[in-house]
Amino acid sequence: MLFFESDYTEGAHPAVLAHLNETNLVTVKSYGADIYSASAADKIRAACEAPQADVVFLTGGTQTNLTVISAMLRPYEGVIAAETGHINAHEAGAIEYTGHKVLSLPEHEGKLDAAEVAAYCRGFYADETREHMVFPGMVYISHPTEYGTLYSEAELAALSAVCHEFGMSLFMDGARLGYGLMSEQSDLSLPRIAALCDVFYIGGTKVGTLCGEAVVFPRGNKPLHFLTTVKQHGALLAKGRVVGVQFDALFTDGLYFRIGRHAIEMANALKALFLRKGYELFIDSPTNQQFVVLPNEVLARLKKDVAFSVWQPLDEQRTVARFVTSWATDPAAVAQLAELL
């Protein structure tokens, strides 16, 4: 069976596992106050060119999204997201469960449009009944998006400006950030993201670790008593070293970026394969998620030997399928897929 279903079906990069093993019997402080988490945080600050940044390690994406949003919003505020945004579509109402409404706006290849966000906010504040409504307090985006697309630096700057105009925070979900940064079409870098966002996270779960996300508050703007909020949400890991050690390895000698680049190279090979075989791309994704239109009979045949995601029906004869590469994708698997197609 070939696996292109997601980017978290393997364990961890060997260098990450080696660092976990070699530090295993070292006694350190708990709850993320250990020397390895401190080292990882320093390396992330350096990579972001944000020496004053607060860096907090959590274990998973949904946990990170709900904890950050809950901590940064007032009780009467909600978070703006694209209709297809992860917090709106695929997190089982986790944000609403914390008491904050997701305010969904139209998506454009998975992205929010800054002008539409501004128009929504202007309409909200022009409404004389707004005191009876949920106030927009944050804009949530993911980079890459659910469709593997990327925000340009200009688009991110425009969203940042709208957020500042209306007193909102800009939060970037970076679960797949490593793959976005290494795309040939990306003009964003960690320093630019740190300059334009109020909070973002660097995903590890999908980019080489067993688990873990690194939350970055780039201007030392971590919410008051954030650790308490983390614990209230059941997100405080006693053995915080487990995540810190892994990020310490990821941000040593550029490993995070090197393995992200590998996934992009494999995705480009997949894209070229689909086009060479005469299949249509549903969307031209520049990252590690590739969306291809398959005739239903081809889809049914492939399912016997290949794991991938059935994304959505296109019409009665065709379906959109998602194929995902990762830091661990073997070029031989792409070659085998070519034979099956």
Side-chain angles (χ1 to χ4, degrees), residues 8 12 16 20 23-24 26-45 48 50 52-79 81 86-87 90-102 137-138 140 142 168-175 177 194 197-207 209-251:
Y8 45 95
V16 172
L20 282 166
T23 61
N24 188 49
V26 179
T27 302
V28 296
K29 293 183 178 180
S30 55
Y31 299 112
D34 59 279
I35 56 174
Y36 304 111
S37 295
S39 174
D42 284 341
K43 291 174 182 177
I44 288 171
R45 291 186 190 99
C48 295
Q52 71 277 38
D54 295 316
V55 181
V56 180
F57 298 105
L58 298 176
T59 59
T62 299
Q63 177 197 81
T64 299
N65 286 335
L66 70 89
T67 302
V68 168
I69 291 171
S70 178
M72 294 190 74
L73 291 184
R74 298 179 179 91
Y76 50 84
E77 291 178 327
V79 53
H86 201 63
I87 61 170
H90 288 106
E91 288 194 326
I95 306 307
E96 286 87 350
Y97 194 73
T98 68
H100 298 283
K101 184 177 178 62
V102 177
M138 174 184 281
Y140 163 95
S142 58
M168 300 183 294
S169 299
L170 179 57
F171 174 29
M172 177 184 284
D173 174 334
L177 184 56
C197 293
D198 297 291
V199 58
F200 63 98
Y201 67 93
I202 300 169
T205 302
K206 297 177 180 178
V207 195
T209 66
L210 291 170
C211 63
E213 324 296 324
V215 184
V216 182
F217 298 94
R219 285 168 286 284
N221 55 314
K222 181 177 65 176
L224 189 64
H225 307 305
F226 185 68
L227 186 68
T228 305
T229 302
V230 170
K231 189 154 193 174
Q232 285 182 337
H233 288 82
L236 186 59
L237 186 62
K239 294 184 179 180
R241 64 186 292 160
V242 169
V243 180
V245 166
Q246 294 181 82
F247 272 92
D248 194 41
L250 278 188
F251 278 82

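- The backbone N or O of Ile95 sits less than 3.5 Å from a side-chain atom of Thr98, completing a donor-acceptor pair.
- Among all heavy-atom pairs drawn from Ser37 and Gly32, the shortest one is CB-O, 3.5 Å.
- In this view, Tyr201 satisfies the ring pair (Phe, Tyr, Trp, His ring centres under 6.0 Å) rule with no residue, not counting sequence neighbours.
- At distances below 3.5 Å, at least one donor-acceptor pair connects side-chain atoms of Thr205 with backbone N or O atoms of Gly212.
- Scanning for ring pair (Phe, Tyr, Trp, His ring centres under 6.0 Å) contacts around Phe200 gives an empty result, with sequence neighbours left out.
- Shown here for Ala12 and Thr209, the closest heavy-atom pair between the two residues is CB-C, 3.9 Å.
- The backbone N or O of Met138 sits nowhere less than 3.5 Å from a side-chain atom of Glu77 that would complete a donor-acceptor pair.
- When all heavy atoms are compared, the tightest approach of Ala50 to Pro218 is CB-O, 3.8 Å.
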Is there a side-chain contact (heavy atoms from CB on, under 4.5 Å) between Leu210 and Leu20 once you walk through the steps? CA-CA 10 Å; Leu210 291 170; Leu20 282 166; 3.9 Å; yes
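- In this structure the side chain of Phe171 reaches within 4.5 angstrom of the side chain of Asn65, judged on heavy atoms.
- If you check the side chains of Asp198 and Asn221, you find no donor sitting under 3.5 Å from an acceptor.
- The minimum heavy-atom distance between Cys197 and Met172, with the atom names listed, is SG-CB, 3.9 Å.
- Between atom CG of residue Asp173 and atom OG1 of residue Thr62 there is a gap of 9.0 Å, rounded to the nearest 0.5 Å.
- In this structure, Val215 and Val68 approach most closely via the heavy-atom pair CG1-CG2, 3.9 Å.
- To the nearest 0.5 Å, atoms OG1 (Thr27) and CZ (Arg241) are separated by 7.5 Å.
- For the residue pair Ser169 and Met72, the shortest heavy atom distance occurs at OG-CE, 3.6 Å.
- In this structure, OG1 in Thr229 is found 13.5 Å from CD1 in Ile69, a value given to the nearest 0.5 Å.
- Rounded to the nearest 0.5 Å, atoms CE (Met168) and CG (Leu73) are 11.0 Å apart.
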Take His86 and Tyr140, measure what side-chain contact (heavy atoms from CB on, under 4.5 Å) needs, and give me the verdict at the end. CA-CA 9 Å; His86 201 63; Tyr140 163 95; 3.4 Å; yes
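- Using a distance-only test at 3.5 Å, with no hydrogens or angles considered, a donor-acceptor pair links the side chain of Gln63 to the main chain of Thr59.
- Among pairs with a residue in residues 224-245, those fulfilling ring pair (Phe, Tyr, Trp, His ring centres under 6.0 Å) read Phe217-Phe226, at least two apart in sequence or across chains.
- Here Glu91 pairs with nothing under the salt bridge (Lys or Arg N to Asp or Glu O under 4.0 Å) rule; sequence neighbours left out.
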Would Ile202 and Phe251 count as a side-chain contact (heavy atoms from CB on, under 4.5 Å) here? Give the steps. CA-CA 11 Å; Ile202 300 169; Phe251 278 82; 3.9 Å; yes
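- Atom-to-atom distance recorded for Tyr36:OH and Thr23:OG1 is 5.0 Å, nearest 0.5 angstrom.
- The salt bridge (charged side-chain N to carboxylate O under 4.0 Å, His left out) analysis of residues 221-238, with sequence neighbours excluded, yields no pairs.
- Listed by chain and number, the residues in a salt bridge (Lys or Arg N to Asp or Glu O under 4.0 Å) with Asp248 are Lys43 (sequence neighbours excluded).
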